[in-house]
Amino acid sequence: RATLMQRHAGLVKPDSGEVEILGETGDGLYAARHQTGMLIDGPALYRDLSIRNNLKLQGRILGDLPKGRIGKLMKALAITPRDTGNRTVGGCPAGLKMKCAIAMALLPFPSLLLLDEVFGGLDTDDSALFVDLIKAEMEERPMTTLITGQFFAELYPFATDYLLLEKGKIVRSYTREELQARIPEDLQRAQELEDAFKTIRKEDLDA
């Protein structure tokens, strides 16, 4: 999963084939990646700056951000002065660092959002805030989100298309409609959804 993200982000070169982002290939990838927000291999933050100042610095680098963008993202992810105080990022809990990195990835209104294993750094309440924020961003403008995860139940509430990877290869794909037709509507608990998908995966890979 990480290699897939790294190739799209331009961090590694593919051994074969071609990368396409937002309809662009080759020399056009440079411009396309400027329309891409990404969080890969964990938060990459300035440890000696506060969360807000990390976001402000990124905003200056990007330029032309509308007033209030940083505050809106912090509010949506429940990043408050009470949580952060005057601490630098280096002294913040892992969950706060992850939320800061998510806000940073969303800061420039990306057309493509690449997120690698973000749920692993969030608790249940923060995961719900994250899902609501992604939904809101996608409702406001066209944005494709590619997100990796180890647990189906984390992705099922909002993902529309699913790729099942085994040893770096796509072995099966599903649409949300295909999965909804095979997963009982009354299943709500995470473990129930996880077990249902494991059964579907086994049936399809054994077929």
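Side chains included, hydrogens not; waters and symmetry mates left out as well; all remaining heavy atoms used. All figures in this text were calculated on a predicted structure; none of them were measured in a lab.
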Inset, instruction - Go through the steps for Ile200 and Arg172 under the test side chain to side chain contact (heavy atoms under 4.5 Å, CB included), then give the verdict. - result: CA-CA 11 Å; Ile200 292 172; Arg172 191 70 165 80; over 6 Å; no

Legend entry - Verdict with supporting geometry, Ile134 and Leu113, side chain to side chain contact (heavy atoms under 4.5 Å, CB included): CA-CA 10 Å; Ile134 294 299; Leu113 186 63; 3.6 Å; yes

Inset, instruction - Please test Leu187 against Tyr156 for side chain to side chain contact (heavy atoms under 4.5 Å, CB included), starting from the C-alpha separation and ending with a verdict. - result: CA-CA 11 Å; Leu187 297 188; Tyr156 191 61; over 6 Å; no

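The distance from atom CG of Leu133 to atom CD1 of Ile102, rounded to the nearest 0.5 Å, is 8.0 Å. Annotation: the span from Arg201 atom CZ to Asp206 atom CG amounts to 10.5 Å, rounded to 0.5 Å. The CZ atom of Arg52 sits 6.0 Å away from atom NZ of Lys56, with the distance rounded to the nearest 0.5 Å. With rounding to the nearest 0.5 angstrom, the CG atom of Leu106 is 6.5 Å from the CZ atom of Arg69. If you take CD on Gln35 and CE on Met143, they are separated by 13.5 Å, rounding to the nearest 0.5 Å. Note that CE of Met138 is 6.5 Å distant from OG1 of Thr160, once rounded to the nearest 0.5 Å.
Taking every heavy atom of both residues into account, Leu163 and Ser173 meet most closely at CD2-CB, 3.7 Å. Here the closest non-hydrogen pair linking Cys100 and Asn54 is SG-CB, 4.2 Å. The shortest non-hydrogen separation linking Ala190 to Ala153 is O-CB, 3.5 Å. Scanning all heavy atoms of the two residues, the minimum distance from Leu65 to Gly59 falls at CD1-CA, 3.5 Å. The two residues Cys92 and Ile51 make their nearest non-hydrogen contact at SG-CD1, 4.2 Å. Scanning all heavy atoms of the two residues, the minimum distance from Ala78 to Leu129 falls at CB-CD1, 3.6 Å.
Residue-environment remark: CD1 (Ile170) stays at or below the threshold of 12 foreign heavy atoms within 6.0 Å. Taking a 6.0 Å sphere around CG of Asp186, one finds it holds more than 12 heavy atoms contributed by other residues, nucleotides or ligands. Counted within 6.0 Å of CZ on Arg189, heavy atoms from surrounding residues, nucleotides or ligands total 12 or fewer; the atom is thus considered open.
Follow the hydrophobic side-chain contacts under 4.5 Å out from Leu55 and you reach Leu62 in the same cluster. In terms of hydrophobic clustering, with Ile, Leu, Val, Met, Phe, Trp and Tyr side chains grouped at heavy-atom distances under 4.5 Å, Leu179 and Leu164 are assigned to different clusters. Both Leu155 and Ile183 are assigned to one and the same hydrophobic cluster, defined by single-linkage of ILVMFWY side chains at heavy-atom distances under 4.5 Å. No continuous path of hydrophobic side-chain contacts links Leu73 to Leu49 [ILVMFWY only; heavy atoms under 4.5 Å].
The aromatic rings of Phe158 and Phe119 sit tilted, their planes meeting at an angle between 30° and 60°. Using cut-offs of 30° and 60° for the angle between ring planes, the Phe197 and Tyr174 rings count as perpendicular.
Although no hydrogens or angles enter the test, the distance criterion places a donor-acceptor pair under 3.5 Å between the side chain of Thr88 and the main chain of Arg47. Side chain of Glu137 to main chain of Phe109: no donor-acceptor pair is present (N/O by atom type, distance under 3.5 Å, no hydrogens or angles). Thr148 contributes a side-chain N or O that, together with a main-chain N or O of Glu117, makes up a donor-acceptor pair within less than 3.5 Å.
The side-chain contact (heavy atoms from CB on, under 4.5 Å) test with Met98 singles out one residue from Asp126, Leu77, Leu39, Asp123, and that residue is Leu39. The only member of Leu107, Leu45, Asn53 that meets side-chain contact (heavy atoms from CB on, under 4.5 Å) when paired with Gln58 is Leu107.
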